[in-house]
Number of protein chains: 2
Amino acid sequence: MSTPVDIILKRNQLSITDSRKKILELFVNNSGALEHADIEKKTGEKFDRVTVYRTLQSFLEKGIIHTIPTSDNSVRYALCKDDCKEGHHHDNHVHFLCNECHTTMCLEDVTIPEVKLPVGFQPAEYQMVVSGTCKECR
Amino acid sequence: MSTPVDIILKRNQLSITDSRKKILELFVNNSGALEHADIEKKTGEKFDRVTVYRTLQSFLEKGIIHTIPTSDNSVRYALCKDDCKEGHHHDNHVHFLCNECHTTMCLEDVTIPEVKLPVGFQPAEYQMVVSGTCKECR
DNA sequence: ATTTCATTTGCAACTTTGTTGCATTTATAA
DNA sequence: TTATAAATGCAACAAAGTTGCAAATGAAAT
């Protein structure tokens, strides 16, 4: 039988391994974004650091997850809602960073507004992160 | 005599030292944002890594520079246009990241548009980064 | 100009984070 | 069940960031 996680892996031509299943499950079951350290903790350091790096890398390449810009030196990943085209996907939603619980989440329903750039600037991608207090913490 | 850089330091109650002068000059003379590694390179590794970290930290605390969100694990800093209030400053402009020359720059004239968040979300700060091709590279 | 004193710097030692090559293990398909 | 390509874990490393402390320096007062 195929679990939801297996289906995602298959659809992206990734072989179904223990680490990929466990790590992808984390994203599916977590509403917020995860960074490398979170994953190591949540899997109980069951997998090698290298494996986690490589797993995240391949999820990223396949468009299963996307990164969220942060002001610090961490890299945060979140599940792409639906299938994103391999390579370039459309991540046109706003991200929210809660200053209380420090969770980063996707606001799938909030579309990034267009902005008028100075002459000569050719936009390709827009990223927007709003920080403040989230629904749960207020 | 006081150079422009000296004035900025004095205004922020920072003693005028060699490293602070040189590093602040980099920001004043560079249009784009700088990360730690850039600063070490551009100063010719004249200053200890620790000094650079501490200098950036104090500039940040005084509101002389601000960070720009990035999707990777780097931290990019740029000069605050005018005096920002110590601690919380208003960095309500859009940032542009060029995919050709990899420069990150402040678009001071482009204000981040407001977005309507789902009920319960209390915004405090907005960040927006547009990537694409800049004025110089097209 | 000289002295004083708090601040800043550089060094050393360390922790954490991320990378690479390679042998072993595992998943998939024949 | 077996063959084989892919994924994993280990080891060794490289890079990034931190901390404590002694020495050097800047600013203010004499």
Side-chain angles (χ1 to χ4, degrees), chain A residues 1-3 5-27 33-62 64-65 67-77 86, chain B residues 1-3 5-26 33-62 64-65 67-77 86 102:
Chain A
M1 43 109 262
S2 285
T3 67
V5 151
D6 290 357
I7 293 167
I8 298 175
L9 290 174
K10 269 193 193 132
R11 189 168 49 207
N12 288 283
Q13 300 125 44
L14 288 175
S15 52
I16 297 167
T17 67
D18 219 45
S19 49
R20 285 178 181 162
K21 274 165 75 167
K22 285 276 166 20
I23 293 173
L24 189 47
E25 262 164 26
L26 286 181
F27 282 106
L34 297 169
E35 51 187 78
H36 183 95
D38 298 325
I39 291 163
E40 287 216 66
K41 265 173 229 139
K42 298 212 179 208
T43 53
E45 284 139 24
K46 205 180 150 196
F47 305 111
D48 195 87
R49 201 163 71 256
V50 183
T51 301
V52 177
Y53 280 119
R54 292 196 271 224
T55 303
L56 290 172
Q57 195 53 44
S58 55
F59 285 1
L60 203 57
E61 280 161 10
K62 293 294 184 179
I64 300 173
I65 57 176
T67 56
I68 300 167
T70 59
S71 291
D72 60 16
N73 54 358
S74 68
V75 184
R76 304 206 141 188
Y77 304 90
E86 184 159 336
Chain B
M1 40 112 262
S2 285
T3 68
V5 152
D6 290 357
I7 293 167
I8 298 175
L9 290 174
K10 270 195 191 128
R11 188 167 51 206
N12 289 282
Q13 301 124 45
L14 289 175
S15 52
I16 297 168
T17 67
D18 219 45
S19 49
R20 285 177 181 162
K21 274 165 76 167
K22 285 276 166 21
I23 293 173
L24 189 47
E25 261 163 27
L26 286 182
L34 297 169
E35 50 187 80
H36 182 95
D38 298 326
I39 292 164
E40 288 214 67
K41 265 172 230 142
K42 298 211 177 209
T43 54
E45 284 139 26
K46 206 181 150 196
F47 305 111
D48 195 87
R49 201 161 70 256
V50 183
T51 303
V52 177
Y53 281 119
R54 292 195 272 224
T55 303
L56 289 172
Q57 195 53 44
S58 55
F59 286 0
L60 203 57
E61 281 162 6
K62 293 294 184 180
I64 299 173
I65 57 176
T67 56
I68 299 167
T70 59
S71 291
D72 61 16
N73 53 358
S74 68
V75 185
R76 303 206 140 189
Y77 304 91
E86 185 160 336
H102 303 106

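Just so it is clear: chains get the letters A, B, ... in the order the sequence lines come, proteins before strands, and each one is counted from 1. All values below were derived from every heavy atom in this structure, side-chain atoms included, with hydrogens, water molecules and symmetry-related copies excluded.
- Per the geometry, CG belonging to B:L56 stands 12 Å off C1' belonging to D:dG17, to the nearest Å.
- Counting heavy atoms from C-beta outward, A:L26 and A:Y77 have side chains that stay 4.5 Å or more apart.
- With contacts defined as side-chain heavy-atom distances shorter than 4.5 Å, the pair B:K62/B:Q13 qualifies.
- Considering only side-chain N and O atoms, B:S19 lies nowhere under 4.0 angstrom from the phosphate OP1 or OP2 of C:dT8.
- Counting to the nearest Å, the P atom of D:dG26 and the CG atom of B:L14 are 14 Å from each other.
- In this structure, the side chains of A:S74 and A:H36 stay at 4.5 Å or more apart for every pair of heavy atoms.
- With axes fitted over five pairs at each extremity, the angle between the ends of the helix from C:dA1-D:dT30 to C:dA30-D:dT1 is 30° (10° resolution).
- Note on B:S15: every side-chain N or O is 4.0 Å or more away from OP1 and OP2 of C:dA6.
- Nucleotide C:dT20 holds its C1' atom 14 Å from the CD atom of A:Q57, rounded to whole Å.
- One atom, CG of A:D72, and another, P of C:dT16, lie 17 Å apart when rounded to the nearest Å.
- Among the protein residues, A:D18 comes within range of no part of the nucleic acid, since none of its heavy atoms lies under 4.0 Å from any strand.
- Spacing between atom NZ of B:K22 and atom P of D:dG26 amounts to 12 Å, rounded to whole angstrom units.
- Taking the six-membered ring where tryptophan is involved, the planes of A:F27 and A:F59 are perpendicular, since the angle between them exceeds 60° and thus also 30°.
- Note on residues 47-60 of chain A: no pairs pass salt bridge (charged side-chain N to carboxylate O under 4.0 Å, His left out), not counting sequence neighbours.
- For the pair B:E35 CD and D:dA16 P, the computed distance is 9 Å after rounding to whole Å.
- Side-chain contact between A:K42 and A:K22 is absent, with no heavy atoms from C-beta onward closer than 4.5 Å.
- In this structure, A:K46 NZ and A:T51 OG1 are separated by 11.5 Å, a value rounded to the nearest 0.5 Å.
- When atom types are taken as modelled, the side chain of B:R20 and the backbone of B:T55 share no donor-acceptor pair closer than 3.5 angstrom.
- For the OP1/OP2 pair of C:dT17 and a distance below 4.0 Å, the side-chain nitrogens and oxygens of A:N73 include no atom meeting the criterion.
- Checked by distance alone, A:R54 brings a side-chain donor or acceptor within 3.5 Å of a matching partner on the base of D:dG9.
- Using a 4.0 Å cut-off on heavy atoms, the residues of residues 37-52 of chain A that approach DNA chain C are A:R49, A:V50, listed by number.
- Put simply, CD1 on B:I16 is 14 Å from C1' on D:dA28, counting in whole angstrom units.
- The residue among A:Y53 and B:R20 whose nearest nucleotide of DNA chain C is located toward the 5' end is B:R20.
- Atom-to-atom, CD of B:Q13 to P of C:dT7 comes out at 13 Å; the value is rounded to the nearest Å.
- For the side-chain contact (heavy atoms from CB on, under 4.5 Å) with B:L34, the qualifying choice from B:I65, B:V75, B:I23, B:I39 is B:I39, the only one to do so.
- The nearest heavy atom of DNA chain D to B:K10 and to B:V75 marks one nucleotide each, and the one closer to the 5' end goes with B:V75.
- A:D38 and A:A33 make their closest contact through OD2-O, 4.4 Å (heavy atoms, listed as atom of the first residue, atom of the second, distance).
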